[in-house]
Each structure stands twice: as structure tokens, then as C-alpha cells.
Participant: 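Encoded as C-alpha cells, here's the structure I'll be asking about.
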Amino acid sequence: MRMFVDVNAIYLHRDPVDFRQSINGLAVVVEHAMLLSPFSDALFVFCNKGRDKVKVLYWDKTGFCLWYKRLEQAKFKWPRQHHEGVMHLSADQWQWLLQGYDISKMRAHPPLSFNSCVV
């Protein structure tokens, strides 16, 4: 089963949401709280107050999809020390978050760009 379509962006909603909300409620959160279009090629990631559940909303060109993960014993290391309500995640950060790492403390090597091999 292919879980996600190709996405251009991954957005994390930092504040917990009421997990009784499903597709329609989360789409409204994307539009009104995150100020983004739920129809874009993006994943929209939400966490519950207990930080043991994650929902991901995305549009696959034919309808909305909702992916859900519940941890049995651990909690997600949800970023708290961020000044904005919405965080843009890299694909690596998204995988790190799902694997239980604190993405606010992890940093990948920065990409380098050179014009010449001569020093």
C-alpha cells in the first residue's frame, strides 16, 4: 500500500488538536488556523494533547486522506520551543519525529554549494 502521494511540503501544527475531529474538522484547521490550503501537495500533521497520537491529512487529487498513528507506550517528542504555530518540516525531520527523536535538537549537515574545486 502506498501511504502518501508525492508532497512538496510537510506542515506541523504545533498546538494539540481535538482528536474527535476527522477530515472536515482538520481541513478547517488547515485553512483557518494554519492559513494554508488543504488542497495543496502537502502533508498536514497534528498531535493530540497526550502526544501519543498523530494524524496526517492530505489531498490526493481525488479526495482527502487521513493517516493515523497511535503509540502504545511512548510519546512523540513534539516541538514546543518554536515561536510559530506552524512548522515546516523536511522529509528527514518527519521521519525523525515518527521514530521518536526530538527534531528541535537534531540537525542534519547543511548542504554545501561550491563554484570551483580550486582552493
Side-chain angles (χ1 to χ4, degrees):
M1 178 178 130
R2 186 171 165 187
M3 187 169 36
F4 297 129
V5 294
D6 293 328
V7 296
N8 291 325
I10 303 167
Y11 297 104
L12 183 139
H13 186 269
R14 281 205 33 254
D15 295 332
V17 296
D18 181 349
F19 260 43
R20 293 175 291 183
Q21 292 186 65
S22 191
I23 290 172
N24 293 342
L26 293 175
V28 169
V29 171
V30 171
E31 276 191 336
H32 296 286
M34 299 174 79
L35 303 176
L36 297 166
S37 171
F39 303 104
S40 63
D41 293 333
L43 300 182
F44 302 98
V45 182
F46 305 91
C47 192
N48 67 331
K49 189 174 182 179
R51 296 189 343 257
D52 62 341
K53 298 175 184 81
V54 166
K55 284 186 178 181
V56 179
L57 178 72
Y58 63 97
W59 175 256
D60 78 350
K61 306 281 189 258
T62 62
F64 282 107
C65 301
L66 188 63
W67 184 83
Y68 180 82
K69 180 172 182 171
R70 179 184 72 197
L71 296 176
E72 297 302 325
Q73 296 182 353
K75 294 187 182 289
F76 289 101
K77 307 283 191 246
W78 208 251
R80 296 173 185 239
Q81 303 300 322
H82 197 269
H83 58 281
E84 296 179 13
V86 177
M87 285 182 68
H88 185 269
L89 300 182
S90 69
D92 287 335
Q93 288 174 314
W94 169 234
Q95 291 305 314
W96 294 339
L97 182 72
L98 286 177
Q99 293 171 13
Y101 296 104
D102 186 340
I103 63 172
S104 63
K105 295 181 181 176
M106 295 186 65
R107 300 282 182 256
H109 293 289
L112 302 175
S113 177
F114 296 103
N115 295 325
S116 173
C117 294
V118 180
V119 183

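The figures that follow rest on heavy atoms only: side chains count, while hydrogens, waters and symmetry mates do not.
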Participant: Please answer: with hydrophobic residues joined when any side-chain heavy atoms are less than 4.5 Å apart, are Ile23 and Val30 in the same cluster?
Facilitator: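 Linked, Ile23 and Val30 end up in one cluster.
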Participant: To check you understand the geometry: which heavy-atom pair defines the closest contact between Ala27 and Pro38, and what is its length?
Facilitator: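 Result for this residue pair: O-CG, 4.0 Å.
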Participant: Got a second to check how far Phe19's CZ is from Asp52's CG, nearest 0.5 Å?
Facilitator: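 Output value for this atom pair is 8.5 Å.
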Participant: Testing the basics here: between Ser22 and Leu66, what is the closest heavy-atom pair and its distance to 0.1 Å?
Facilitator: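 Nearest pair, atom of Ser22 first, then Leu66: OG-CD2, 3.7 Å.
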Participant: Name the residue from Leu98, Val86, Val56 that meets the side chain to side chain contact (heavy atoms under 4.5 Å, CB included) definition with Val45.
Facilitator: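 Exactly one option meets the side chain to side chain contact (heavy atoms under 4.5 Å, CB included) with Val45, and it is Val56.
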Participant: Tell me if a side-chain donor or acceptor on Lys75 pairs with a main-chain N or O of Gly50 at a distance below 3.5 Å.
Facilitator: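 Yes; judged by distance alone, with no hydrogens or angles, the pair exists.
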Participant: If every non-hydrogen atom of Trp59 is compared with every non-hydrogen atom of Thr62, which pair is closest and at what distance?
Facilitator: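 Minimum heavy-atom separation between Trp59 and Thr62: CH2-C, 4.1 Å.
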Participant: Check whether Trp67 and Trp78 end up in the same hydrophobic cluster, where Ile, Leu, Val, Met, Phe, Trp and Tyr are linked by side-chain heavy atoms less than 4.5 Å apart.
Facilitator: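 Per the 4.5 Å side-chain linkage, Trp67 and Trp78 are co-clustered.
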Participant: Would you give the length of the straight line joining atom NE2 of His88 to atom CG of Leu36, rounded to the nearest 0.5 angstrom?
Facilitator: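 Answer for the NE2-CG pair, His88 versus Leu36, is 9.5 Å.
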Participant: If you take all heavy atoms of His13 and Ala33, which pair is closest and at what distance?
Facilitator: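 Looking at all heavy atoms of both residues, the closest pair is NE2-CB, 4.1 Å.
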Participant: Quick one: does Asn48's side chain have a donor or acceptor within less than 3.5 Å of a partner on Lys53's backbone?
Facilitator: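 Yes; at least one donor-acceptor contact below 3.5 Å.
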Participant: Look at the side chain of Lys55 and the backbone N and O of Gln21, then say whether any donor-acceptor pair between them is shorter than 3.5 Å.
Facilitator: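 Such a contact is found between Lys55 side chain and Gln21 backbone.
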Participant: How long is the span from the OH atom in Tyr68 to the CZ atom in Phe46, to the nearest 0.5 Å?
Facilitator: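 If we round to the nearest 0.5 Å, Tyr68:OH and Phe46:CZ are 14.5 Å apart.
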Participant: Using every non-hydrogen atom in the two residues, find where Ala91 and Ile10 come nearest and quote the distance to one decimal.
Facilitator: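 Taking every non-hydrogen atom into account, CA-CD1, 4.0 Å.
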Participant: Taking all heavy atoms of Ile103 and all of Leu97, pick out the closest pair and write down the distance.
Facilitator: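 Nearest pair, atom of Ile103 first, then Leu97: CG2-N, 3.8 Å.
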Participant: In terms of heavy-atom contacts, does OH of Tyr101 have more than 12 from other residues, nucleotides or ligands at under 6.0 Å?
Facilitator: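 Counting neighbours around OH of Tyr101, 12 or fewer heavy atoms of other residues, nucleotides or ligands fall under 6.0 Å, so no.
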Participant: Just one of Tyr58, Phe44, Phe39 clears the ring-ring contact (aromatic ring centres under 6.0 Å, His included) bar with Phe64, so which one?
Facilitator: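 Of the listed residues Tyr58, Phe44, Phe39, the ring-ring contact (aromatic ring centres under 6.0 Å, His included) partner of Phe64 is Phe39.
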Participant: Quick check: do Trp96 and Leu89 have side-chain heavy atoms less than 4.5 Å from each other?
Facilitator: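 They are not in side-chain contact.
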Participant: Can you tell me how far CZ of Phe76 sits from CZ of Arg51, rounded to the nearest 0.5 angstrom?
Facilitator: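 Going from the CZ atom of Arg51 to the CZ atom of Phe76 covers 10.5 Å.
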Participant: To the closest 0.5 Å, what do you measure between CD (Gln95) and OG (Ser90)?
Facilitator: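 Reported to 0.5 Å precision, the distance equals 9.5 Å.
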